[in-house]
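Input: a single structure, listed below in structure tokens.
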Amino acid sequence: MNTEKSKQAFLDAQKVIPGGVDSPVRAFKSVGGTPLFIQKGEGAYLVDIDGNRYVDFVQSWGPLIFGHCDSDIEAAVIKAVKQGLSFGAPTQVETLLAREICDLFEAIDKIRFVSSGTEAVMSAIRLARGFTCKNDIVKFEGCYHGHSDSLLVQAGSGAITFGTPSSPGVPADLTKHTLLAKFNNLESVQKCFENSNDIACVIIEPIAGNMGLVPADETFLQGLRDLCDAHGALLIFDEVMSGFRASLKGSQGLVSVVPDMITFGKVIGGGMPVGAFGGRLEIMNQLSPDGPVYQAGTLSGNPVAMNAGLASLTKIKSQKELYRDFASKSARLTQGLQQAAKKHGISLHVDSRGSMFGFFFNENPVRDFDDARRSDTDMFARFHRAMLEEGYYFACSQFETGFISEAITLEMIEETIVAADRVFGAIK
Ligand SMILES: *Cc1c(COP(=O)(O)O)cnc(C)c1O
């Protein structure tokens with residue numbers, strides 16, 4: 001495989017962009033080698049600037065549920081572009097998209113649009129704090145909620161549940177309000193509530209996708225619901241990734257636990273920069289200009305992005321078999337990978353939810369971040385490199401989730417498994 005042009009492009013980029021990338025995971029640090037610079041997408045495929053073609057299991061990290069260059073989304077975007085890129089004034093398409101989402105989710109009476117998942121979560125947390133008049137938040141090790149200050153935390157020392165900054169530039173004064181608990185471990189959350197009577201909210205990815213794919217147990221989520229209710233804290237489901245991915249309603253199509261607020265991103269923008277946060281009326285009414293909690297954005301509800309999102313959602317809802325189809329494709333892919341690995345004496349732990357799939361080079365089930373971290377990341381890196389050579393573009397880290405798009409056919413999945421079989425034989 002010739003990647004000379006990507007190598008040169010990466011050198012050029014590194015001279016003017018830190019690390020050569022605008023989001024760190026893209027630099028391929030955890031798998032080594034040079035990131036591929038992309039020329040274009042074509043349905044299920046990515047094409048790099050050297051002309052290599054790959055089946056794309058990343059899908060821009062989730063948004064492109066219909067694959068690249070979907071004609072309906074493209075048409076909606078082009079139509080919107082011709083009417084103007086941005087007005088900084090309300091447009092009716094915002095109401096249309098908001099109504100679609102409010103109708104779908106029991107937890108959501110009103111929703112506000114922003115421009116990224118990070119912004120959605122940051123705003124939801126501010127609103128939770130404003131609504132409850134409390135300051136602390138609980139988050140889970142291994143869950144990612146964007147890069148805002150109070151969410152860039154890692155476990156502190158020993159028995160302390162208060163997080164410490166995971167990045168320079170984040171004041172410890174901020175992260176002391178972030179308590180860290182363990183995923184799928186209710187006791188660790190109980191401990192947070194014992195340590196603090198100032199907890200505004202518990203935020204979780206109900207189907208975690210940022211430590212690899214690790215779904216939360218329904219009983220665990222119910223436990224969070226009960227703890228939040230008992231202590232007057234809000235429960236926030238961060239479905240920036242799982243929304244419209246795990247099912248039409250994200251986790252809400254799969255479990256019966258209803259949160260107080262939900263955050264979205266990725267798929268609701270159809271590939272354009274969008275985020276959103278929504279919840280019950282009494283909570284959302286606290287938001288400016290109705291209420292005192294401030295939040296704003298020059299490009300929020302951008303008409304091009306709203307039209308892309310609306311076209312995606314309309315198309316999703318028009319296809320009755322979409323998620324059943326996704327589920328059978330991701331189940332086939334993960335089972336196929338697992339069987340092929342086993343043939344070569346390699347243990348894979350696999351899971352999938354709708355169009356999301358995950359596989360860990362791990363002999364044991366993965367139920368939290370500690371389990372995930374025990375995976376064989378060197379083996380993953382070898383797998384990743386060899387699969388690229390075969391023409392398959394997987395996420396460049398063991399701790400990311402894979403995505404099926406509608407453009408990926410069962411035939412492509414069978415071919416992926418055959419290629420993986422070859423690769424496992426070579427890397428074992
Ligand atoms: C991607 C992601 C975010 C951050 O969204 P950005 O658009 O990258 O800012 C937040 N939460 C979850 C669960 C995500 O997967």
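For ligands, and for the atoms within them, numbers begin at 1 and follow the listed sequence.
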Donor-acceptor side-chain pairing of Asn362 and His349 below 3.5 angstrom: no
Output the list of atoms in ligand 1 that are nearer than 4.0 Å to some heavy atom of Glu205, sorted by atom number. 13 (C)
Enumerated ligand 1 atoms positioned under 4.0 Å from heavy atoms of Ser116: 7 (O), 9 (O)
At a 4.0 Å cut-off, with the gap strictly under it, does some heavy atom of His147 reach an atom of ligand 1? no
Can you tell me how far OG1 of Thr3 sits from CZ of Phe37, rounded to the nearest 0.5 angstrom? 11.5 Å
Can you tell which part of Thr263 has a heavy atom less than 4.0 Å from ligand 1: side chain, backbone, both or neither? neither
Which atoms of ligand 1 sit under 4.0 Å from any heavy atom of Asp238? 10 (C), 11 (N), 12 (C), 13 (C)
Heavy atom under 4.0 Å from ligand 1: found in Lys266's side chain, backbone, both, or neither? side chain
Within the 4.0 Å heavy-atom shell around Thr118, which atoms of ligand 1 are there? 4 (C), 5 (O), 6 (P), 9 (O)
Measuring centre to centre across the rings, with the benzene-like ring taken for any Trp, is Phe140 within less than 6.0 Å of Phe220? yes
Are any non-hydrogen side-chain atoms of Lys182 and Glu187 less than 4.5 angstrom apart? no
Contact region, His145 to ligand 1, non-hydrogen atoms below 4.0 Å, reads backbone
By side chain to side chain donor-acceptor pair (under 3.5 Å), Gln222 pairs with (sequence neighbours left out) Asp226
Is it the case that the ring center of Phe394 lies less than 6.0 angstrom away from the ring center of Phe380? no
Taking the six-membered ring for Trp and the single ring otherwise, decide whether the centroids of Tyr45 and Tyr54 are under 6.0 Å apart. no
Within 4.0 Å of some non-hydrogen atom of Gly117, the atoms of ligand 1 are 4 (C), 5 (O), 6 (P), 7 (O), 9 (O)
For atom 3 (C) of ligand 1, which protein heavy atom lies nearest, and how many Å away is it? Val240 CG1, 3.7 Å
